Amino acid sequence: MSDDFVHLHLHTEYSLLDGLGRVPAMAKRAAELGQPALALTDHGTMHGAIEFSRACQSAGIKPLLGVEAYITQWGRPMGGQEGELDRGRHHLLLLAENLTGYRNLLQICSDAQLKGYYYRPRVDADYLAAHSEGLICTSGCLAAELPSLLKNGRENLARERLMWYRDVFGPDRWYIEFQEHSIPELTEVNKQLWAFAQKYDVPVVVTNDVHYVREEDASAHDMLLCVQTSSLFDDPKRMRYDGNSYFLKSLSQMRQTFLPYVDMPDSAFTNTLKIAEMCHADPDD
């Protein structure tokens, strides 16, 4: 039985102290669900690309290689290190469409570490535009640029940035991404993103912010976050992911997740397959 859905937003063990799922287990679970492909989008690194590619191929599914990179905010240059202004950054989801895109991802990750590191490995908008060939980009999670601007009431700037991304990546490689994890801020931002998608005719895609393989892994992942943040488990103020929804869901579970979004088109699910079919990047080539 086949699941006509592909997870495009996935953190493995290579998202250190944040992703819990081992690479082979992620690939095996996607294959068990009948999903034809799986994407790797670890935080700021491509360290798992070769292992992931081979694990997916062994499991009989197509590997999609990507990264959740960091882009500086407010037009700040990636080399800046001037306190809070430069400490701020946004998440950025990128997928390699071809070998040129894969090489650009490797370059982005290397330069983000060597030239742009300040609390996190970062690139700036000009750098991203210069290395955008062969890459597919989405609007990302709640910590990405458009959602962050909308969350802070900066709708006009969010509109400008939407147009910038479309100019850089083109109408076929730029998608508005929707996640739903029972976070009130995220649900509200999704309403605004949906209005943008309709008004400016931007294709949409749904994802799950996957950090572990199965639903029952949530408690172990919570312990991992305690290690990451040097926090006690019973500290009420510590970082935590509310709920247990950050796992590799089936298509039916994804549809159930977005059931409250009555206007969400079927293309938001089938576009995951479209993107998977667009991508052809094998690091062993």
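Keep in mind that what you see is a predicted model, and the values were worked out from it rather than measured.
Taking both residues in full, the closest heavy atoms of R238 and R240 are given as NH2-NH1, 3.2 Å, listed atom of the first, atom of the second, then distance. N190 approaches F178 most closely through the heavy-atom pair O-CE2, 3.3 Å. V67 and G44 get closest at one heavy-atom pair: CG2-N, 3.7 Å. The nearest pair of heavy atoms linking S250 to Q35 is CA-NE2, 3.9 Å. Of all the heavy atoms in A55 and P24, the pair that sits closest is CB-CA, 4.2 Å. Across all their heavy atoms, G19 and L224 have their closest contact at O-CD2, 3.7 Å.
Rounding to the nearest 0.5 Å places CG of L16 at 7.5 Å from OG1 of T45. Atoms CG and CE, on L114 and M78 in that order, are 9.0 Å from each other to the nearest 0.5 Å. Here the CG-CD distance, from D284 to Q57, works out to 6.5 Å after rounding to the nearest 0.5 Å. Atoms SG and CZ, from C137 and R173 in turn, are 9.5 Å apart once rounded to the nearest 0.5 Å. Going from atom CZ of F52 over to atom CG of L65 covers 7.0 Å, rounded to the nearest 0.5 Å. Rounded to the nearest 0.5 Å, atoms CD (E177) and CG (L142) are 11.0 Å apart.
Applying the salt bridge (Lys or Arg N to Asp or Glu O under 4.0 Å) rule to pairs touching residues 183-211 yields E188-K191, sequence neighbours excluded. Applying the salt bridge (Lys or Arg N to Asp or Glu O under 4.0 Å) test to residues at least two apart or on different chains, the pairs with a partner in residues 256-270 are R255-D266. Applying the salt bridge (Lys or Arg N to Asp or Glu O under 4.0 Å) definition to pairs two or more places apart or across chains, those involving residues 146-158 are E155-R159.
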Step by step, would you call Q73 with S148 a side-chain contact (heavy atoms from CB on, under 4.5 Å)?
-> CA-CA 10 Å; Q73 62 180 0; S148 295; over 6 Å; no
Please assess K115 against Y127 for the test side-chain contact (heavy atoms from CB on, under 4.5 Å), listing each intermediate value before the final yes or no.
-> CA-CA 11 Å; K115 300 178 181 179; Y127 182 96; 5.9 Å; no
Give the C-alpha distance, both sets of side-chain angles, the deciding distance and a yes or no for side-chain contact (heavy atoms from CB on, under 4.5 Å) between L146 and R161.
-> CA-CA 7 Å; L146 262 63; R161 297 304 294 156; 3.8 Å; yes
Check the pair F196 / V202 against side-chain contact (heavy atoms from CB on, under 4.5 Å), numbers first and verdict last.
-> CA-CA 8 Å; F196 275 4; V202 182; over 6 Å; no
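Residues I176 and L94 share a hydrophobic cluster, clusters being chains of Ile/Leu/Val/Met/Phe/Trp/Tyr side chains in contact below 4.5 Å. In the hydrophobic cluster analysis, where Ile, Leu, Val, Met, Phe, Trp and Tyr join through side-chain heavy atoms closer than 4.5 angstrom, Y175 is grouped apart from Y165. Cluster membership for L38 and L273, using ILVMFWY side-chain heavy atoms within less than 4.5 angstrom, is not shared. Under the 4.5 Å side-chain heavy-atom criterion for ILVMFWY residues, no single connected hydrophobic cluster contains both W194 and L149. Hydrophobic clustering (side-chain heavy atoms under 4.5 Å, transitive across Ile, Leu, Val, Met, Phe, Trp, Tyr) groups M254 together with F247.
The side-chain contact (heavy atoms from CB on, under 4.5 Å) check on E82 picks up R76, D86, with sequence neighbours excluded. Legend: residues meeting side-chain contact (heavy atoms from CB on, under 4.5 Å) with L225, ordered by chain and number and at least two apart, are D18, H221, D222, Q228, M239, Y241.
In this structure the side chain of F269 never reaches within 4.5 angstrom of the side chain of D4, judged on heavy atoms. Using a 4.5 Å heavy-atom cutoff, the side chains of W174 and P203 are not in contact. Using a 4.5 Å cut-off on side-chain heavy atoms (C-beta onward), V206 and T257 make no contact. Inter-residue side-chain proximity for T72 and Y118 is flagged as unmet; no heavy-atom pair is nearer than 4.5 Å. By the 4.5 Å heavy-atom criterion applied to side chains, C279 and I136 are counted as neighbours. Under the 4.5 Å side-chain criterion, counting only non-hydrogen atoms from C-beta, L64 is in contact with K62.
Screening T41, L40, V210, V205 for a side-chain contact (heavy atoms from CB on, under 4.5 Å) with L8, the sole residue that qualifies is V205. For the side-chain contact (heavy atoms from CB on, under 4.5 Å) with H131, the qualifying choice from N104, V123, L105, D126 is N104, the only one to do so. Each of N208, V189, L186 was compared with Q179 under the side-chain contact (heavy atoms from CB on, under 4.5 Å) criterion, and only L186 meets it. With N244 as the partner, the side chain to side chain donor-acceptor pair (under 3.5 Å) test is satisfied by one option alone out of E215, R214, E216: E215.
Ring pair H211/H43 is tilted by interplanar angle, where 30° to 60° counts as tilted. Under the 30°/60° scheme for interplanar angles, the aromatic rings of H9 and H11 are found to stand perpendicular.
The local environment of CD in E133 is sparse, with at most 12 non-hydrogen atoms from other residues, nucleotides or ligands closer than 6.0 Å. Heavy atoms of other residues, nucleotides or ligands lying less than 6.0 angstrom from CE of M223 number 12 at most. Summarising the local packing, NE2 of H181 is surrounded by more than 12 heavy atoms from other residues, nucleotides or ligands at distances under 6.0 Å.
Separation of the Y70 and H90 ring centroids does not fall under the 6.0 Å cut-off.
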Please output the side-chain donor-acceptor pairs of residues 96-103 that fall under 3.5 Å, not counting sequence neighbours, one pair per line with the distance.
{"from": "N98", "atom 1": "OD1", "to": "T100", "atom 2": "N", "distance (Å)": "3.2"}
{"from": "N98", "atom 1": "OD1", "to": "G101", "atom 2": "N", "distance (Å)": "2.9"}

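With S132 contributing its side chain and A129 its backbone, the two residues share a donor-acceptor pair below 3.5 Å.
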